[in-house]
Enquirer: 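What follows is a single structure, and I will ask about it in a moment.
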Amino acid sequence: MPKKPKKTRKPKQTAIVRFLGRPAKPAAKLSASRRHATGEAARKCVELEAALAEARKSHERLREAIDILPQGMVLLDADGRYILWNKKYAEMYRRSSELFSPGVRLEDTIRVGVARGDYPEAIGHEEEWIAERLKKLYQPGGRHEQTLADGRVILIDERMTEDGGIIGLRVDITELKQREASFRLLFDSNPIPMIVCALGDEHILAVNDAAIQHYGYSRSEFEKLTIRSLQAFDPELPWTAELSGNESAARTWKHVRADGTLIDLAIYSRQLVYGDRPAILLALMDTTERKRAEARLTFMAQHDGLTGLPNRNLLRQQMDDILLRTRRNAEQVAVLVLGLDHFKAVNDTLGHGIGDKLLRGVGKRLRSMLRDDDALARLNSDEFAIVQSGVTRPEDAAFLARRLLDAIGDPYLLDGHSVVIGASIGIAMAPGDGDESEKVLKNADLALSRAKNDSRGTFSFFEAGMDARAQTRRKIETELREAVQGDTLRPYYQPLVDLASGRITGFEALVRWPHPERGMISPAEFIPVAEETGLINAVGGLMLRRACTDAAQWPDDVHVAVNLSPLQFRLGNLLALVVDTLKQSGLPARRLELEITETLLLEKSSEVLATLHALRALGVRISMDDFGTGYSSLSYLRSFPFDKIKIDQSFVRDLAANPDAQAIVRSIISLGKGLGVTITAEGVETEAEVNCLRNEGCHEGQGFLFSRARPNAEIVSMLKTQGNWSSPAGAALVA
Ligand code: C2E
Ligand code: MG
Ligand code: MG
């Protein structure tokens with residue numbers, strides 16, 4: 001049973017209630033004897049009437065005054081009975097307003113309201129709720145909220161009046177409550193960690209679930225902390241740091257989580273009133289991952305993914321710093337660009353996995369050879385750069401280059417393979433060869449090209465003029481491309497003569513480039529460019545087709561020799577190209593000879609050997625060109641059964657006068673005979689040479705003594721008039 005609320009004071013009736021509650025009685029007729037007294041009474045009555053009228057007027061004024069109040073207002077007597085209420089009050093409690101009447105107890109209207117469900121908070125425990133409400137009513141002095149059936153929320157503020165009555169104010173706070181609820185929702189269920197903390201003592205007043213999850217503190221632990229206690233290093237607070245909007249978003253704060261880990265944050269703060277206190281709402285955006293990803297991206301943009309070494313971009317930055325420093329100290333800097341020799345061959349023969357391991361191994365070896373303040377970078381697939389500072393003379397750089405070449409040259413044991421790789425180095429000195437990183441690097445690169453062209457495995461310093469040569473090379477590349485597209489390259493044919501009979505046995509097809517300005521350009525000049533740029537495949541294919549087509553028109557016992565570049569073997573379609581060309585041209589395979597150089601066999605690739613065997617199986621003959629110029633010519637003879645060996649012209653050149661050259665040529669000839677291989681001497685220019693070769697038993701000769709290379713039209717007439725076109729046993733040809 002709910003307790004009946006205790007009354008605190010004996011309620012007094014106000015004058016207004018007395019006047020309003022008991023209407024004046026009509027005036028009675030007075031006897032004559034009591035006229036005097038009656039007159040007195042009448043006077044009093046008039047006075048009373050006047051007072052009553054005045055009171056009514058005041059009451060009306062009071063009502064008018066309270067009606068314009070924006071809040072609801074009610075005045076109760078000490079018993080809790082209605083005396084007065086304004087329009088707003090009636091409007092707020094419109095469901096009960098017909099019950100409002102002076103003298104009616106508020107308690108009774110509440111009970112009626114509860115019974116019909118006007119107060120949703122009371123449903124299910126009506127008596128308890130009523131008791132609680134009445135306690136607040138009869139012991140007024142505070143504020144409380146009340147929810148009505150239609151969802152409105154009313155803030156009730158009730159106070160005791162001086163005469164024991166109660167004055168109650170009502171404010172409709174529905175909107176405020178909705179705003180508060182939206183804020184709550186936004187705060188509580190926000191995926192971004194949020195904290196409200198007191199502006200004064202920095203204590204944490206509230207945290208959302210995301211903050212609890214992110215920081216690892218429970219809600220109650222959080223509420224014992226200050227925002228400063230979360231900060232790892234920063235002495236100032238996010239809202240006192242005086243940052244503009246953009247700055248505060250860009251600034252990173254470090255916080256410590258419950259488990260001691262550090263997180264990076266961007267913090268957004270905003271002042272608000274929380275409860276009744278000035279507070280700060282902080283939204284804490286964790287940027288740790290973003291920062292890490294940014295750092296990773298920056299690293300990736302500046303480093304080579306395979307070796308982890310700085311890439312060209314970072315090297316350029318490091319070089320700029322080094323060059324600036326040395327400019328002040330008047331020191332020199334050496335930039336060494338190191339290129340691996342025949343790295344592609346490793347990739348092609350042993351696979352990319354081993355190629356990658358080799359590059360990592362080279363990177364490690366280089367790093368171990370350098371001082372900490374020397375910079376090292378990987379520039380591209382097989383090129384590294386070293387920036388050596390504190391150099392006083394070029395010899396310092398030469399000394400380092402030699403050490404690096406030695407170190408790189410030692411075998412690498414990779415997946416059970418012992419891999420040997422050589423390297424070449426180009427060196428440029430700053431500030432002498434350029435005072436900007438890009439220029440010095442470019443010059444070191446030019447010096448590297450020189451080192452590679454001269455003889456691999458060495459180093460070269462940059463020299464003035466290399467740049468001009470490089471430009472010429474670039475020009476050749478562009479023009480050669482046009483020549484290939486315009487189909488202006490032609491084969492010229494140089495005869496191969498049987499030294500015993502003087503008969504022409506065949507012709508070697510040598511490519512010629514008739515240049516509109518420069519005349520005929522030597523293949524020695526443009527074949528290396530064609531190989532570097534990949535144009536060699538087009539040039540080689542074109543030469544093969546034209547040579548076979550031309551040779552098909554020659555006598556049946558005259559063969560044609562075509563030079564092949566090692567790069568044509570890499571494309572993988574050489575066999576098909578030869579088969580197809582023979583078919584198209586109608587040239588029997590036995591009349592085609594393919595010349596390869598020792599560099600092709602340097603790689604000892606099984607694919608290359610398989611292609612050579614397949615070509616030979618077609619009936620095509622394979623010659624080894626420029627024999628004796630490679631590193632281990634004899635060993636190549638064992639790797640493949642050649643049909644012909646062509647002694648390089650450098651041995652033939654000195655033949656008549658040089659006994660050493662004679663000895664070499666003699667042994668090559670006897671070697672060839674032993675192997676059953678035709679021996680051809682290249683570059684025969686004199687009768688003395690041809691006699692010498694004939695005496696030694698050399699089979700064939702080729703050289704200016706017989707003829708230079710000539711266009712096909714001349715070959716046809718040469719064969720008709722002098723050669724074996726009509727008479728098979730023709731005399732030796734003279735150019
Ligand atoms: P090679 O295959 O050794 O060709 C012989 C070179 O020696 C030719 O130079 C030829 O003109 C030259 N020669 C011939 N007899 C004499 C002589 O008595 N004295 C002198 N000093 N030289 C003589 P060429 O035509 O300039 O070719 C140079 C090189 O270019 C060739 O050397 C060959 O390696 C390459 N080459 C030429 N044509 C082609 C081609 O179609 N494809 C490929 N891949 N390489 C080619
Ligand atoms: Mg040749
Ligand atoms: Mg040759």
Side-chain angles (χ1 to χ4, degrees), residues 1-8 11 62-161 165-189 206 272-276:
M1 271 290 280
K3 270 201 238 160
K4 194 164 187 244
K6 215 176 105 191
K7 286 184 189 168
T8 46
L62 183 63
R63 176 174 287 282
E64 273 170 27
I66 65 172
D67 271 351
I68 59 169
L69 283 177
Q71 302 96 339
M73 188 190 157
V74 64
L75 210 58
L76 307 175
D77 67 14
D79 288 332
R81 292 173 194 281
Y82 281 98
I83 299 171
L84 192 63
W85 58 94
N86 69 355
K87 273 191 194 147
K88 190 78 189 170
Y89 180 86
E91 202 180 291
M92 279 179 183
Y93 293 101
R94 46 188 167 271
R95 278 165 72 96
S96 315
S97 60
E98 81 282 2
L99 302 172
F100 302 161
S101 183
V104 170
R105 290 202 312 170
L106 176 64
E107 181 181 332
D108 296 334
T109 64
I110 288 173
R111 285 183 189 282
V112 174
V114 168
R116 51 175 195 216
D118 286 355
Y119 303 102
E121 288 158 338
I123 293 169
H125 49 101
E126 287 75 4
E127 284 310 318
E128 239 174 284
W129 189 85
I130 291 171
E132 191 60 30
R133 173 68 189 98
L134 294 179
K135 193 171 155 199
K136 285 179 191 144
L137 178 67
Y138 294 120
Q139 293 173 3
R143 289 170 169 189
H144 67 274
E145 289 169 15
Q146 188 180 63
T147 305
L148 303 180
D150 57 7
R152 279 174 305 131
V153 182
I154 308 293
L155 178 72
I156 300 178
D157 187 347
E158 285 164 339
R159 313 256 151 145
M160 187 83 79
T161 55
I166 297 157
I167 183 160
L169 284 175
R170 304 284 190 275
V171 181
D172 187 334
I173 56 166
T174 314
E175 255 180 51
L176 192 76
K177 280 277 150 193
Q178 276 164 356
R179 275 209 300 275
E180 219 177 271
S182 316
F183 171 77
R184 267 270 151 225
L185 192 73
L186 212 68
F187 182 79
D188 287 340
S189 53
L272 44 66
V273 175
Y274 187 80
D276 286 332

Enquirer: I would like to know whether Leu155 and Arg143 meet side chain to side chain contact (heavy atoms under 4.5 Å, CB included); could you show each step before the answer?
Expert: CA-CA 7 Å; Leu155 178 72; Arg143 289 170 169 189; 4.3 Å; yes
Enquirer: Answer yes or no: is there an ion pair linking Lys87 with Glu64, defined by an N-O contact shorter than 4.0 Å?
Expert: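 Salt bridge between Lys87 and Glu64, a charged N being under 4.0 Å from a carboxylate O: no.
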Enquirer: Answer yes or no: is there a donor N or O on one side and an acceptor on the other, between the side chain of Asp77 and the main chain of Gly103, under 3.5 Å?
Expert: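 Not at all, since once roles are kept as given, no pair shorter than 3.5 Å links the two residues.
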Enquirer: When rounded to the nearest 0.5 angstrom, what distance separates CG in Leu84 from CZ in Arg63?
Expert: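 One finds 5.0 Å between CG of Leu84 and CZ of Arg63.
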Enquirer: Using the salt bridge (Lys or Arg N to Asp or Glu O under 4.0 Å) rule, collect all pairs that involve residues 92-104, keeping only residues at least two apart or in two chains.
Expert: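 Every salt bridge (Lys or Arg N to Asp or Glu O under 4.0 Å) pair that includes a residue of residues 92-104, provided the two are not neighbours, is Arg94-Asp150, Arg95-Asp118, Glu98-Arg116.
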Enquirer: Does Glu180 pair with Lys177 as a salt bridge, N-O distance under 4.0 Å?
Expert: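 Looking at Glu180 and Lys177, the cut-off is met.
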Enquirer: Would Asp157 and Arg159 pass as an ion pair if we require N to O under 4.0 Å?
Expert: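 Yes, Asp157 and Arg159 are salt-bridged.
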Enquirer: Can you list everything that forms a ring-ring contact (aromatic ring centres under 6.0 Å, His included) with Tyr82? Sequence neighbours excluded, please.
Expert: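 Tyr82: ring-ring contact (aromatic ring centres under 6.0 Å, His included) contacts with Trp85, Phe100.
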Enquirer: Decide side chain to side chain contact (heavy atoms under 4.5 Å, CB included) for Leu106 and Leu137; before the verdict, give the C-alpha distance in whole Å, the side-chain angles of both, and the deciding distance to 0.1 Å.
Expert: CA-CA 9 Å; Leu106 176 64; Leu137 178 67; 3.5 Å; yes
Enquirer: Using modelled atom types and a 3.5 Å cut-off, is there a donor and acceptor pairing between side-chain atoms of Thr147 and backbone atoms of Val153?
Expert: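 Not at all, since once roles are kept as given, no pair shorter than 3.5 Å links the two residues.
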Enquirer: List the atom of Leu148, the atom of Met92, and the distance in Å for their closest heavy-atom pair.
Expert: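 Taking Leu148 first and Met92 second, the nearest heavy atoms are CD1-O, 3.7 Å.
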Enquirer: Is any side-chain heavy atom of Glu126 less than 4.5 Å from a side-chain heavy atom of Arg111?
Expert: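 Glu126 does not reach Arg111 side chain to side chain.
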Enquirer: Can you see which heavy atom on Gln146 is nearest to which on Tyr93, and at what distance?
Expert: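 Where Gln146 meets Tyr93 most closely, the heavy atoms are OE1-OH, 2.8 Å.
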Enquirer: What's the shortest heavy-atom distance between Ile130 and Val114, and which atoms?
Expert: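 It is CG1-CG2, 3.8 Å.
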Enquirer: Go through the structure and list residues passing side chain to side chain donor-acceptor pair (under 3.5 Å) with Arg184, not counting sequence neighbours.
Expert: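 Testing Arg184 for side chain to side chain donor-acceptor pair (under 3.5 Å), a comparison that skips the adjacent residues, returns Asp188, Tyr274.
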Enquirer: Might you point out which heavy atoms bring Glu158 and Gly168 nearest each other, and give the distance in Å?
Expert: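 Closest pair (atom of Glu158, atom of Gly168, distance): CG-CA, 3.9 Å.
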Enquirer: Tell me, please, which residues at least two apart from Asp67 pass side chain to side chain donor-acceptor pair (under 3.5 Å).
Expert: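 For Asp67, no residue satisfies side chain to side chain donor-acceptor pair (under 3.5 Å) once neighbours in sequence are set aside.
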Enquirer: Considering residues at least two apart in sequence or located in another chain, which fulfil the side chain to side chain donor-acceptor pair (under 3.5 Å) criterion with Tyr119?
Expert: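 Here no residue qualifies.
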Enquirer: Please test Ile110 against Trp129 for side chain to side chain contact (heavy atoms under 4.5 Å, CB included), starting from the C-alpha separation and ending with a verdict.
Expert: CA-CA 10 Å; Ile110 288 173; Trp129 189 85; 4.0 Å; yes
Enquirer: Run through Thr161, Ile83, Leu76 and flag the one making a side-chain contact (heavy atoms from CB on, under 4.5 Å) with Ile166.
Expert: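 The residue from Thr161, Ile83, Leu76 that satisfies side-chain contact (heavy atoms from CB on, under 4.5 Å) with Ile166 turns out to be Leu76.
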Enquirer: Of all residues at least two apart in sequence or in a different chain, which pass the side chain to side chain donor-acceptor pair (under 3.5 Å) check with Ser97?
Expert: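 Scan of Ser97 (side chain to side chain donor-acceptor pair (under 3.5 Å), adjacent residues dropped) gives none.
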Enquirer: Can you see which heavy atom on Ala149 is nearest to which on Gly117, and at what distance?
Expert: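 That closest heavy-atom pairing would be CB-O, 3.7 Å.
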Enquirer: Look up atom CZ in Arg179 and atom OG1 in Thr174, then write down how far apart they are to the nearest 0.5 Å.
Expert: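 Arg179 CZ to Thr174 OG1: 11.0 Å, rounded to 0.5 Å.
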Enquirer: Identify whether the distance between the nearest side-chain nitrogen and carboxylate oxygen of Arg170 and Glu91 falls below 4.0 Å.
Expert: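 Looking at Arg170 and Glu91, the cut-off is not met.
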Enquirer: Quick one: pull up CG in Asn86 and CD1 in Ile66 and give me the separation to the nearest 0.5 Å.
Expert: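 The CD1 atom of Ile66 is 5.0 Å from CG of Asn86, to the nearest 0.5 Å.
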Enquirer: To the nearest 0.5 angstrom, please state how far the CG atom of Asp172 sits from the CD1 atom of Ile154.
Expert: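 Going from the CG atom of Asp172 to the CD1 atom of Ile154 covers 4.5 Å.
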